[in-house]
Amino acid sequence: MLTWPHANSDWKPWLHEAERNFAELATQISRRQSVIIACYDEPHRRHVYELLRAGGAVLQRIRLYTIPSNDTWARDHGPITVYQNHQPVLLDFHFNGWGGKFNHELDNQITQRLHQAGAFGDTPLLSVDLVLEGGSIESDGAGTLLTTRRCLLATNRNALSQTALETRLQDLLGAERLLWLNEGDLLGDDT
């Protein structure tokens with residue numbers, strides 16, 4: 001899943017370069033699997049299609065949807081897939097623009113709108129009343145979840161105790177063990 005850069009986002013000064021990289025990424029992915037792409041509006045969707053066609057993408061595996069966005073960080077605003085009873089379920093956590101630092105109202109709606117448009121087929125979608133960016137967690141796929149206190153326990157994200165949040169994440173993500181990093185601040189990283 002990609003959310004394509006556009007002139008109404010922070011990418012405007014570097015849009016040509018960003019689109020060239022996104023086109024190459026989408027082209028490479030399309031050679032191996034399907035790609036879901038959120039495009040800002042209908043003219044943008046046509047533009048993205050032409051970029052991908054010209055770049056040699058496997059167009060049969062490209063699925064473009066007209067859904068406006070604030071930014072491009074699908075890893076953070078997109079769904080997280082878990083398995084319940086051996087079936088995939090999409091979790092749609094609330095996305096608040098990295099603690100309210102950036103506009104996010106459109107991004108927070110992308111997963112719901114993609115689901116309504118049939119982008120995920122018949123995979124169920126569960127809305128979750130927790131703030132979580134997908135990039136704020138890492139999993140080993142074997143029951144361990146890694147995150148930072150500074151992000152998930154910040155009052156501009158979730159007003160829960162560590163214990164309460166751990167319980168929710170364990171239930172939702174199937175984690176058996178949570179590892180909390182005390183640090184996690186990267187120089188120049190807004191999120």
Side-chain angles (χ1 to χ4, degrees), residues 1-7 9-11 14-93 95 98 104 106-128 132-147 169 172-175 186 189 191:
M1 180 180 139
L2 300 174
T3 303
W4 206 270
H6 52 80
S9 71
D10 289 344
W11 291 103
W14 310 279
L15 188 57
H16 177 73
E17 294 87 355
E19 284 194 307
R20 185 174 53 233
N21 287 314
F22 268 69
E24 179 62 23
L25 178 64
T27 296
Q28 291 301 321
I29 294 170
S30 75
R31 293 180 180 158
R32 294 159 183 84
Q33 63 186 38
S34 295
V35 186
I36 296 168
I37 301 173
C39 304
Y40 189 78
D41 56 20
E42 187 57 29
H44 188 237
R45 190 193 68 73
R46 290 191 300 270
H47 168 73
V48 170
Y49 178 85
E50 287 304 318
L51 286 174
L52 295 172
R53 186 187 60 74
V58 180
L59 297 176
Q60 299 85 343
R61 290 187 179 159
I62 300 287
R63 299 187 340 226
L64 302 172
Y65 295 88
T66 302
I67 298 175
S69 62
N70 300 105
D71 211 330
T72 60
W73 304 107
R75 175 197 69 169
D76 285 337
H77 64 250
I80 296 175
T81 305
V82 296
Y83 283 84
Q84 295 177 354
N85 300 318
H86 306 289
Q87 298 297 317
V89 174
L90 302 172
L91 301 180
D92 183 22
F93 287 87
F95 176 71
W98 304 284
H104 59 276
L106 296 173
D107 293 344
N108 190 44
Q109 298 174 26
I110 292 173
T111 297
Q112 284 285 337
R113 294 190 64 193
L114 283 170
H115 190 265
Q116 291 167 355
F120 306 117
D122 60 359
T123 304
L125 180 70
L126 175 64
S127 292
V128 180
L132 181 124
E133 298 103 39
S136 69
I137 58 172
E138 291 293 332
S139 173
D140 64 1
T144 303
L145 194 68
L146 176 70
T147 190
L169 292 174
L172 290 163
L173 301 173
L186 299 175
D189 182 24
T191 63

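Residue numbers run from 1 in the order of the sequence given. A quick note: this is a predicted structure, and the numbers were derived from the prediction, not measured.
Here the side chain of Asp107 pairs no donor or acceptor atom with the backbone of Trp73 at under 3.5 angstrom. A donor-acceptor distance shorter than 3.5 angstrom exists from the side chain of His6 to the backbone of Ser69, with no hydrogens or angles considered. In this structure, the side chain of Asp140 engages the main chain of Ala142 through a donor-acceptor pair within 3.5 Å.
Nearest heavy atom pair, residue Ala38 against residue Ile67, reads CB-O, 4.1 Å. Residue Val82 comes nearest to Leu91 through the heavy atom pair CG1-CD1, 3.8 Å, listed as atom of the first residue, atom of the second, then distance. Shortest non-hydrogen contact noted between Ser139 and Leu145 is CB-CD1, 4.1 Å. Annotation for Trp4 and Thr72: closest pair C-CG2, 3.8 Å, computed over non-hydrogen atoms. Heavy-atom minimum distance, Ala7 versus Leu15: N-CD2, 3.7 Å.
With sequence neighbours left out, the side-chain hydrogen bond (donor to acceptor under 3.5 Å, both in side chains) criterion links Arg113 to no other residue. The salt bridge (charged side-chain N to carboxylate O under 4.0 Å, His left out) test applied to Arg61 returns no partner, not counting sequence neighbours. For Arg46, the salt bridge (charged side-chain N to carboxylate O under 4.0 Å, His left out) partners two or more places apart in sequence, or in a different chain, are Glu42. In this structure, Thr123 has no side-chain hydrogen bond (donor to acceptor under 3.5 Å, both in side chains) partners at least two apart in sequence or on a different chain. Residues satisfying the salt bridge (charged side-chain N to carboxylate O under 4.0 Å, His left out) criterion with Glu17, sequence neighbours excluded, are absent altogether.
Taking the side chain as every heavy atom from C-beta outward, His44 and Val48 approach each other to under 4.5 Å. At a threshold of 4.5 Å between non-hydrogen side-chain atoms, the residues Ile110 and Tyr65 do not count as touching.
To the nearest 0.5 Å, the span separating OG1 on Thr66 from CD1 on Ile37 amounts to 11.5 Å. Atom CD of Gln28 sits about 12.0 Å away from atom CD of Gln33, to the nearest 0.5 Å. Rounding to the nearest 0.5 angstrom, the gap separating the CZ atom in Phe22 from the OG1 atom in Thr27 is 12.5 Å. Atom CG of Leu126 and atom CZ of Phe93 lie 8.5 Å apart (nearest 0.5 Å). Between the CD1 atom in Ile137 and the OG1 atom in Thr147 there is a gap of 7.0 Å [rounded to 0.5 Å]. Remark: Leu64 CG to Leu2 CG distance equals 10.0 Å, nearest 0.5 Å.
Residues in residues 22-33 take part in no salt bridge (Lys or Arg N to Asp or Glu O under 4.0 Å) pair, two or more places apart or across chains.
Using cut-offs of 30° and 60° for the angle between ring planes, the His77 and Phe95 rings count as perpendicular.
Screening Leu25, Val35, Leu52 for a side chain to side chain contact (heavy atoms under 4.5 Å, CB included) with Ser30, the sole residue that qualifies is Val35.
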